[in-house]
Amino acid sequence: SNFKNIELCHISKIQTKMSEEKSVILVTGGTGLVGQAIKTVIEEEKQQQKSNNETWIFCGSKEADLRDKAQTEAFFEKHKPTHVIHLAAMVGGLFHNMAHNLDFFRENMAINDNVLNASYKNNVKKVVSCLSTCIFPDKTTYPIDETMVHNGPPHSSNYGYSYAKRMIDVLNRGYHEMHGCMYTSVIPCNVFGPHDNFNLESSHVIPALIRRMDDAMQKGDATFTVMGSGKPLRQFIYSLDLARLFVWVLRNYNSVEPIVLSVDEEDEVTISTVAEMIKKAHNYPGEIVYDTTKADGQYKKTASNHKLRSLYKDFKFTPFETAIHDTVAWFRQNRDHARL
Ligand code: NAP
Ligand code: GFB
């Protein structure tokens, strides 16, 4: 209980502090699924006149290729952010990771080292970076929690991405210990929503199923193939819910220790359940079949959100079926300029 008191009193002090001073918040990876959701949430705040003296900058690789140290430093010197939400990464689903583990490791190692070093050199007050529940040890007890990040090797399918992400936590500790920096990280479960990546080679399961079922509807296919057995279990968070939690972490959470941002353990669903929900949302008349020659990946990676719930008690997640419906609707309305 005294942990909570210390954290909460610390939280309230920081909250008033940030809102009084002028802040420039840089969102790296601002053009992606999570970045665009944060943009939507911030724009909603501005409409409700909750806007305080915060300037938000959302950048993608066109503004600066963050794998390149010189471009990263020039970009930070130009914008002089006081706070950074660091999302930029090479990101992909199971099959993309399996095919490119070395690239996932090298690209993300370069991006992460450049962004945190440029933040330090520009006296950024706080950086919130992004890990993932898929980077935890493959052999583990459940539920997984924040203390278990380094307790053993990750699943073989995405070791490149996983080790690069774990090094963010190592860098955060190093900058905090050596220079007193407030660099922290969040650990989301699987994310989905508008502006997702719907490309068939690199996408995650939900955007892949949404896009492929829309193709099947247009072609009038009598069957639809889900890869793998459909048995693996996942927790899915709607991107707009994650965005609200990210903004809360930026303004209120001040510990170097990572914090899991996930739906509850009991909200875990099978891939089959997801496929059936997407079928319902598309109103697809055909039959779902499973191609078990394709990999299942990790069977489960059940994470506990107990720490989040103890610090942010009344947060309400969007019901999963509603979020799926809204994402299918968004895709069908925006297919012609979505990332295919
Ligand atoms: P995304 O939609 O693929 O967006 C990736 C973002 O990173 C884009 O804005 C992209 O810019 C930018 N980026 C990639 N390479 C870059 C480079 N070399 N230089 C500068 N920017 C670069 O990914 P996302 O799903 O929003 O992921 C955001 C964060 O959440 C990532 O750190 C990811 O690891 C984490 N995460 C995602 C999930 C999930 O299920 N999606 C789950 C857990 C954690 P361009 O648009 O210019 O390419
Ligand atoms: O989202 P996903 O690709 O990645 O989900 P992970 C993979 C699961 O969905 C496997 C099944 O069980 C697949 O067999 N699946 C069914 C499909 N049909 C499809 C399809 O058309 N496309 C895809 N992609 N999957 C990732 C990590 O694991 O989790 C990444 O590899 C990342 O590093 C991400 O962190 C959050 O959830 O298995």
Side-chain angles (χ1 to χ4, degrees), residues 27-38 58-68 71-72 75 85-98 100-101 104 107-108 110-112 114-115 129-136 154-162 164-165 168 185-193 195-213 224-237 239 242-243 246 260-262 270-272 274-275 278 288 290-301 303 339:
V27 182
T28 73
T31 52
L33 163 70
V34 181
Q36 286 295 295
I38 292 174
F58 295 86
C59 69
S61 58
K62 286 180 199 57
E63 285 75 36
D65 180 344
L66 298 173
R67 293 169 301 183
D68 180 294
Q71 286 190 44
T72 308
F75 190 76
I85 291 183
H86 173 38
L87 304 175
M90 180 179 178
V91 180
L94 169 66
F95 303 106
H96 198 50
N97 273 269
M98 288 169 72
H100 301 283
N101 266 297
F104 272 94
E107 291 208 14
N108 288 318
I111 291 170
N112 297 332
N114 290 340
V115 167
S129 296
C130 207
L131 277 54
S132 166
T133 55
C134 70
I135 72 168
F136 282 108
H155 191 263
S156 58
S157 60
N158 69 340
Y159 67 86
Y161 175 85
S162 296
K165 283 294 186 182
I168 290 178
S185 63
V186 299
I187 311 182
C189 54
N190 287 44
V191 191
F192 71 99
H195 305 283
D196 205 337
N197 170 15
F198 295 88
N199 172 277
L200 292 188
E201 262 70 54
S202 56
S203 63
H204 291 97
V205 58
I206 287 183
L209 296 183
I210 289 176
R211 186 264 171 87
R212 291 201 293 108
M213 202 174 279
F224 176 84
T225 304
V226 174
M227 297 179 190
S229 68
K231 293 194 172 62
L233 290 157
R234 295 288 184 272
Q235 287 159 296
F236 291 101
I237 187 168
S239 59
L242 176 61
F246 243 115
V260 167
L261 301 183
S262 171
T270 62
I271 298 297
S272 294
V274 175
I278 292 170
I288 291 179
Y290 291 87
D291 175 357
T292 50
T293 66
K294 296 284 189 318
D296 268 346
Q298 280 178 281
Y299 174 65
K300 61 186 263 180
K301 39 186 170 179
R339 284 184 285 165

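All ligand and atom numbering here is 1-based and tracks the order in the structure.
With ligand atoms numbered from 1 in the order given, ligand 1 contributes 30 (O), 32 (O), 35 (C) to contacts under 4.0 Å with heavy atoms of Cys130. Here is the list of ligand 1 atoms found below 4.0 Å of a heavy atom in Gly32: 2 (O), 4 (O), 8 (C), 9 (O), 26 (O). For ligand 1 and Leu33, the ligand atoms under 4.0 Å from any heavy atom of the residue are 2 (O), 25 (O), 26 (O), 41 (N). For ligand 1, the atoms lying closer than 4.0 Å to a non-hydrogen atom of Arg67 are 18 (N). Shown in contact with Val91 at under 4.0 Å from a heavy atom are these atoms of ligand 1, numbered in order with element: 3 (O), 23 (O), 27 (O), 31 (C), 33 (C), 34 (O).
Under the 4.5 Å side-chain criterion, counting only non-hydrogen atoms from C-beta, Tyr290 is in contact with Ser272. Using a 4.5 Å heavy-atom threshold, the side chains of Phe136 and Ile187 count as touching.
Closest to atom 22 (N) of ligand 2 among all protein heavy atoms lies Ala208 CB, 3.4 Å. Remark: minimum distance from atom 26 (C) of ligand 2 to any protein heavy atom is reached at Lys301 NZ, 3.9 Å. Taking atom 12 (O) of ligand 2 as the reference point, the nearest protein heavy-atom neighbour is Asp296 O, 2.7 Å. Of the protein's non-hydrogen atoms, the one nearest atom 24 (N) of ligand 2 is Ser203 O, 3.2 Å. Nearest protein heavy-atom contact of atom 38 (O) of ligand 2 is Arg234 NH2, 2.8 Å. Of the protein's non-hydrogen atoms, the one nearest atom 7 (C) of ligand 2 is Leu94 CB, 3.9 Å. Of all protein heavy atoms, the one closest to atom 31 (O) of ligand 2 is Asn97 ND2, 3.5 Å. Looking only at protein heavy atoms, the nearest one to atom 12 (C) of ligand 1 is Gly29 CA, 3.8 Å. With respect to atom 2 (P) of ligand 2, the closest heavy atom belonging to the protein is Val205 N, 3.6 Å.
Between Leu209 and ligand 2, a contact under 3.5 Å exists for no N or O pair. Between Thr31 and ligand 1, at least one pair of N/O atoms sits closer than 3.5 Å. Geometrically, ligand 1 and Leu87 share a nitrogen or oxygen pair separated by less than 3.5 Å. In terms of N/O distances under 3.5 Å, ligand 1 is not approached by Ile111. For ligand 1, none of its N or O atoms has an N or O atom of Leu131 under 3.5 Å away. Annotation: Gln298 places no N or O atom under 3.5 Å from an N or O atom of ligand 2; distance criterion only. Between Ile271 and ligand 2, no pair of N/O atoms sits closer than 3.5 Å. Looking at ligand 2, you'll find an N or O of Met227 within less than 3.5 Å of one of its N or O atoms.
Within the structure, ligand 2 has Gly92 among the residues with a heavy atom less than 4.0 angstrom away. Residue contacts with ligand 2 include Arg212, since one of its heavy atoms falls under 4.0 Å from the ligand. Residue contact annotation: Gly92 has no non-hydrogen atom under 4.0 Å from ligand 1. Residue Gly93 places a heavy atom under 4.0 Å from ligand 2. Within the 4.0 Å heavy-atom cutoff, Lys165 counts among the residues contacting ligand 1. Ligand 1 has Tyr161 within reach: a non-hydrogen atom of the residue lies less than 4.0 Å from it.
When the options Ile38, Asp65, Val34, Thr28 are ranked by their closest heavy atom to atom 17 (C) of ligand 1, first place goes to Asp65. Here atom 41 (N) of ligand 1 lies nearest to His204 when heavy atoms of Gln36, Lys62, His204, His195 are compared. Looking at Ala88, Ser61, Ala89 and measuring to atom 14 (C) of ligand 1, the nearest heavy atom belongs to Ala89. The heavy atom nearest to atom 13 (C) of ligand 2, out of those in Pro232, Gly228, Ala295, is found in Ala295.
Neither the backbone nor the side chain of His86 has any atom closer than 4.0 Å to an atom of ligand 1 (non-hydrogen atoms only). Looking at Val191 against ligand 1, both its backbone and its side chain come within 4.0 Å, counting heavy atoms. Contact annotation for Ala64 and ligand 1: only backbone heavy atoms (N, CA, C, O) come within less than 4.0 Å of the ligand. Under 4.0 Å from ligand 1, not a single heavy atom of Thr133 appears. When heavy-atom distances to ligand 1 are checked against a 4.0 Å cut-off, Arg339 comes that close only through its side chain, counted from C-beta outward. Contacts between Cys189 and ligand 1, counted as non-hydrogen atom pairs separated by less than 4.0 Å, involve the backbone only.
Judged by distance alone, with hydrogens and angles left aside, the side-chain atoms of Ser157 form no donor-acceptor pair with the main-chain N or O of Leu94 at under 3.5 Å. Side-chain atoms of Asn112 never come within 3.5 Å of backbone atoms of Ile168 as a donor-acceptor pair (strictly under, hydrogens ignored).
Scanning both residues, Arg234 and Asp296, for their nearest heavy atoms gives NH2-O, 3.9 Å.
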